[in-house]
Amino acid sequence: MLKYLKKYWVYALLAPLFMVGEVVADLLQPQLMSTIVDEGVLGLSSGGTGNLRLILITGLQMIGLLALGGSCGVLSGVFANFCGQHFGNDIRKDCFRRVMALSFQQTDRFSTGSLITRVTNDVTQVQNLVMQAIRGFVRTFMLFAGGIFCMVALDLSFGVVIACALPFVLGLMLFFIAKANPIFGKLQQKLDQVNSVVQENVSGARTVKAYVREEYEKERFGRANGELVDTQLRVLVLFSYMMPLMNILMNLAVVAILYMGSIRVQSGGLTPGSIMAAVTYVSQILHSVIMLAGIFQTVSRGAASARRLREVLDCEPALADGATVPSPAGPVGKIEFRDVSFAYPGGSGERVLEHINLTIHAGETFGILGATGSGKSTLVQLIPRFYDAAEGVVLLDGVDVREYPLKELRGRVAIALQKSELFNMSIAENIRWGREGAGPEEIERAASVAQAADFIARQPDGYETAVSEMGASLSGGQKQRVAISRAILKDARVLIFDDATSALDLKTEAQLYAALRTSHGAATKIIIAQRIASVRSADRIAVIDNGRLAACGSHDELMAGCPIYQDIYNSQLRKGDETDA
């Protein structure tokens with residue numbers, strides 16, 4: 001991920017440079033304090049007479065040094081935050097772009113909750129890692145090395161204390177880091193589970209309430225959250241053991257410094273001020289080791305998050321773009337399925353479609369009928385390449401759909417689904433999703449064809465009425481008509497209605513298709529439905545049964561020669577109901 005830092009190398013360089021200034025100021029302070037004690041207070045070089053002027057001058061030097069070091073620290077933090085925030089922003093945007101480019105089979109593999117965690121929490125962890133790396137490591141290692149150097153410069157005997165204490169401190173730190181490191185990956189997985197439960201319950205709130213399952217979902221969230229808390233506690237408990245042990249070792253080192261220093265003072269080899277400076281330095285050294293433990297905790301967690309982000313960033317889209325395809329000279333919108341078979345990736349391997357051979361002519365209104373789970377929706381999802389056929393080929397205007405650039409292919413196809421996905425924006429903006437830059441007249445015309453104009457006119461702000469998240473402020477039929485308006489506005493050569501009128505009454509549905517024949521007569525229209533009334537007026541109807549093409553023909557032809565179609569007809573439109581339908 002270093003490539004994301006290249007753009008911000010100036011910030012990444014300035015942050016540690018200013019940190020050097022802050023640490024140098026910290027390391028010089030004990031020396032000045034030693035001078036105040038030995039000369040200003042005790043007056044060791046002037047026969048025991050203190051020097052108030054020296055105290056004031058040295059005190060002002062300490063204040064100035066403190067101000068300089070503090071300014072360097074502030075600037076170091078500013079540049080580190082600039083670098084870290086921009087770094088995280090770039091990774092987050094790249095992750096989101098990659099998520100948008102993934103196929104359905106890939107997003108299913110990651111899960112929605114996991115992708116949310118990766119784009120939010122994991123990016124934050126890596127961002128923290130970068131800021132610690134360019135600030136924390138510099139401060140820690142400079143305090144550590146500089147403190148040891150200054151202590152040994154005061155008296156070589158202090159080096160013995162450090163040499164005895166450091167192996168214990170480092171060993172203790174490495175032990176706890178090794179114990180905690182494997183837990184961080186599990187911690188992010190537990191956070192995935194919490195996010196998944198929240199996402200499912202927010203998007204499925206109506207279903208939860210309709211089945212009075214609030215208590216069950218609370219328990220499910222409680223279990224997921226409890227596992228997250230337990231995992232976090234394992235880390236926190238480990239480090240709660242480490243910190244007191246570190247402090248004990250640090251205090252023992254201070255006691256050793258005081259003991260050895262007192263002996264050296266009595267022999268005349270050291271001054272009391274030097275002892276005070278040595279105690280400050282040993283505190284700085286051991287605190288730098290404690291800081292290093294915290295940094296390694298951030299590093300471990302950031303490394304686990306970085307691995308998860310790389311899984312997304314390095315995941316190449318399963319559906320590769322094809323080459324540029326020239327526009328056909330003749331009629332457009334012809335679709336062919338040649339011996340197409342399909343099984344969902346990562347599933348049981350059972351084929352959903354078996355050896356489908358079917359041609360849909362340009363400009364034709366084509367119905368697809370079949371029982372739930374027969375493979376109707378799967379068949380049309382192969383046209384815009386939501387999935388690729390496992391065997392055989394799907395052709396649009398005589399060209400294999402895999403040879404089209406995805407953007408161009410999907411630009412030629414408009415699709416309206418049974419579950420209408422609306423966004424938290426105005427009705428007009430939701431419809432304009434079909435074609436960016438469409439004017440108000442075009443939006444109103446599309447809504448009129450979709451039989452949505454009347455109910456939109458009754459809304460408080462008309463087309464500018466805000467739609468709540470997931471379209472919760474509209475009824476099922478209203479949402480479907482807005483989604484159909486969006487597909488119509490796209491003005492594509494192929495229009496697919498995947499059970500998109502299931503929430504409409506038969507009269508409104510008939511008016512919709514009549515208006516569609518007038519406004520989009522040249523477009524190929526594919527209507528997937530479970531009720532015969534929705535497709536009976538189509539030019540031809542394909543009957544799908546357990547993933548196979550059972551029959552294809554007009555309504556009259558199927559009534560004469562397709563038992564499956566006859567059974568569906570008889571179950572839906574009993575004698576006397578046909579006229580009403």
Asks: Can you tell me how far the CD1 atom of Ile116 sits from the CG atom of Asp122, to the nearest 0.5 Å?
Replies: 12.5 Å

Asks: Is there a donor-acceptor contact under 3.5 Å from the side chain of Asn89 to the main chain of Gln85?
Replies: no

Asks: Do the side chains of Glu217 and Arg220 get close enough for a salt bridge, i.e. N-O under 4.0 angstrom?
Replies: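 Salt bridge present between Glu217 and Arg220.
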
Asks: Checking side chain to side chain contact (heavy atoms under 4.5 Å, CB included) for the pair Arg97/Met100: CA distance, chi angles, key distance, verdict?
Replies: CA-CA 5 Å; Arg97 288 191 197 101; Met100 290 292 96; 5.7 Å; no

Asks: Are any non-hydrogen side-chain atoms of Ile527 and Tyr513 less than 4.5 angstrom apart?
Replies: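 The answer is yes, as the side chains (C-beta and beyond) meet within the 4.5 Å cut-off.
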
Asks: Check whether any side-chain heavy atom of Ser377 lies under 4.5 Å from a side-chain heavy atom of Asp499, and answer yes or no.
Replies: no

Asks: Do Tyr569 side-chain atoms and Leu558 backbone N/O form a donor-acceptor pair below 3.5 Å?
Replies: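 No, because the side chain of Tyr569 does not come within donor-acceptor range (under 3.5 Å) of the backbone of Leu558.
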
Asks: Is there a side chain to side chain contact (heavy atoms under 4.5 Å, CB included) between Leu228 and Gln193 once you walk through the steps?
Replies: CA-CA 9 Å; Leu228 174 63; Gln193 294 173 8; over 6 Å; no

Asks: Given side chain to side chain contact (heavy atoms under 4.5 Å, CB included), test Arg412 with Val494 step by step and report yes or no.
Replies: CA-CA 6 Å; Arg412 301 184 183 199; Val494 177; 5.9 Å; no

Asks: Judged by atom type as modelled, is there a donor-acceptor pair below 3.5 Å linking the side chain of Thr465 to the main-chain atoms of Asp461?
Replies: yes

Asks: Donor-acceptor pair, Lys334 side chain versus Gly398 backbone, under 3.5 Å?
Replies: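 No; zero donor-acceptor contacts below 3.5 Å.
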
Asks: For the CD1 atom of Ile443 and the OH atom of Tyr463, what is their distance to the nearest 0.5 Å?
Replies: 8.5 Å

Asks: For Gly363, does its backbone N or O pair with a side-chain atom of Thr524 as donor and acceptor, under 3.5 Å?
Replies: yes

Asks: Evaluate whether atom CG of Asn357 has more than 12 neighbouring non-hydrogen atoms of other residues, nucleotides or ligands under 6.0 angstrom away.
Replies: yes

Asks: Atom CG in Leu369, atom SG in Cys552: separation rounded to 0.5 Å?
Replies: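 Spacing of CG (Leu369) from SG (Cys552) equals 11.5 Å.
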
Asks: Looking only at non-hydrogen atoms, find the nearest pair between Arg385 and Arg410 and report the distance.
Replies: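 In terms of heavy atoms, the two residues are closest at O-NH2, 2.7 Å.
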
Asks: When you measure from the side chain of Asp397 to the backbone N and O of Gly333, does any donor-acceptor pair fall under 3.5 Å?
Replies: yes

Asks: Heavy atoms only: give me the nearest Cys562-Ala551 pair and the separation to one decimal.
Replies: SG-CB, 3.7 Å

Asks: Salt bridge between Lys7 and Asp90, side-chain N to carboxylate O under 4.0 Å?
Replies: yes

Asks: Does Glu429 come within less than 4.0 Å of Arg432, counting only side-chain N to carboxylate O?
Replies: no

Asks: Using modelled atom types and a 3.5 Å cut-off, is there a donor and acceptor pairing between side-chain atoms of Glu403 and backbone atoms of Asp400?
Replies: no

Asks: Roughly how far, to the nearest 0.5 Å, is the CD atom of Gln232 from the CG atom of Asn225?
Replies: 8.5 Å

Asks: Assert yes or no for the condition that the ring centre distance of Phe366 to His361 is strictly below 6.0 Å.
Replies: no

Asks: Can you give me the closest heavy-atom contact between Val197 and Ala224, atom names plus distance?
Replies: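 In this case the closest contact between Val197 and Ala224 is CG2-CB, 4.3 Å.
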
Asks: Less than 4.5 Å apart, side chain to side chain, heavy atoms only: is that true for Leu506 and Glu509?
Replies: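 A side-chain contact exists here, since the closest heavy-atom pair is under 4.5 Å.
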
Asks: Taking Lys376 for its side chain and Gly370 for its backbone only, find out whether a donor-acceptor pair lies under 3.5 Å.
Replies: yes

Asks: For Ser341, does its backbone N or O pair with a side-chain atom of Arg351 as donor and acceptor, under 3.5 Å?
Replies: no

Asks: When you compare the side chains of Thr298 and Asn128, does any donor N or O come within less than 3.5 Å of an acceptor on the partner?
Replies: no

Asks: Hydrogens and angles aside, do Thr508 and Gln451 bring a side-chain donor and acceptor to less than 3.5 Å of each other?
Replies: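 No.
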
Asks: If I take atom CD1 from residue Ile427 and atom CZ from residue Arg486, how far apart are they, to the nearest 0.5 angstrom?
Replies: 12.0 Å

Asks: Starting at CD1 of Ile415, measure out to CD1 of Ile484 and round the result to the nearest 0.5 Å.
Replies: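 Between Ile415 CD1 and Ile484 CD1, I get 12.0 Å after rounding to 0.5 Å.
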
Asks: Could you tell me which non-hydrogen atom of Ala483 sits nearest to which non-hydrogen atom of Ala416, and how far apart they are?
Replies: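 Minimum heavy-atom contact is O-CB, 4.3 Å.
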
Asks: For the CZ atom on Phe386, are there more than 12 heavy atoms of other groups (residues, nucleotides or ligands in this structure) within a distance under 6.0 Å?
Replies: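 Atom CZ in Phe386 is packed in, count exceeds 12.
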
Asks: Looking at side-chain heavy atoms only, is the closest gap between Phe423 and Val467 below 4.5 Å?
Replies: no

Asks: Should Val482 and Phe455 count as side-chain neighbours, where that means a heavy-atom distance under 4.5 Å?
Replies: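 They are in contact (side-chain heavy atoms under 4.5 Å apart), so the answer is yes.
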
Asks: Hey, mind stepping through Arg517 and Ser537 against side chain to side chain contact (heavy atoms under 4.5 Å, CB included) and telling me if it holds?
Replies: CA-CA 11 Å; Arg517 280 193 294 271; Ser537 60; 4.1 Å; yes

Asks: In the structure I gave you, are the side-chain heavy atoms of Val393 and Val340 within less than 4.5 Å of one another anywhere?
Replies: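 No, side chains not in contact.
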
Asks: With no hydrogens and no angle check, do the side chains of Thr378 and Tyr344 hold a donor and an acceptor under 3.5 Å apart?
Replies: yes

Asks: Please report the closest heavy-atom contact between Tyr4 and Tyr8, naming both atoms and the distance.
Replies: O-CD1, 3.5 Å

Asks: So Ile456 and Gln478, do their side chains get closer than 4.5 Å, heavy atoms only?
Replies: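 The answer is no; the side chains never approach within 4.5 Å.
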
Asks: Okay, side chain of Glu408, backbone of Pro405: is any donor-acceptor separation there less than 3.5 Å?
Replies: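 Not a single qualifying donor-acceptor pair exists.
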
Asks: Does the side chain of Arg481 pick up a donor-acceptor pair with the side chain of Ser485 at under 3.5 Å?
Replies: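 The answer is no; no qualifying pair exists.
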
Asks: Taking NZ, NE, NH1 and NH2 as the nitrogens, is one of them in Lys3 or Asp94 under 4.0 Å from a carboxylate oxygen of the other?
Replies: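 Salt bridge flag = no for Asp94 with Lys3.
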
Asks: For Asp491 and His520, which heavy atoms make the closest approach, and how far apart are they?
Replies: OD1-NE2, 3.5 Å

Asks: Do Tyr565 and Ile532 make a side-chain contact, defined as non-hydrogen atoms from C-beta onward lying under 4.5 Å apart?
Replies: yes

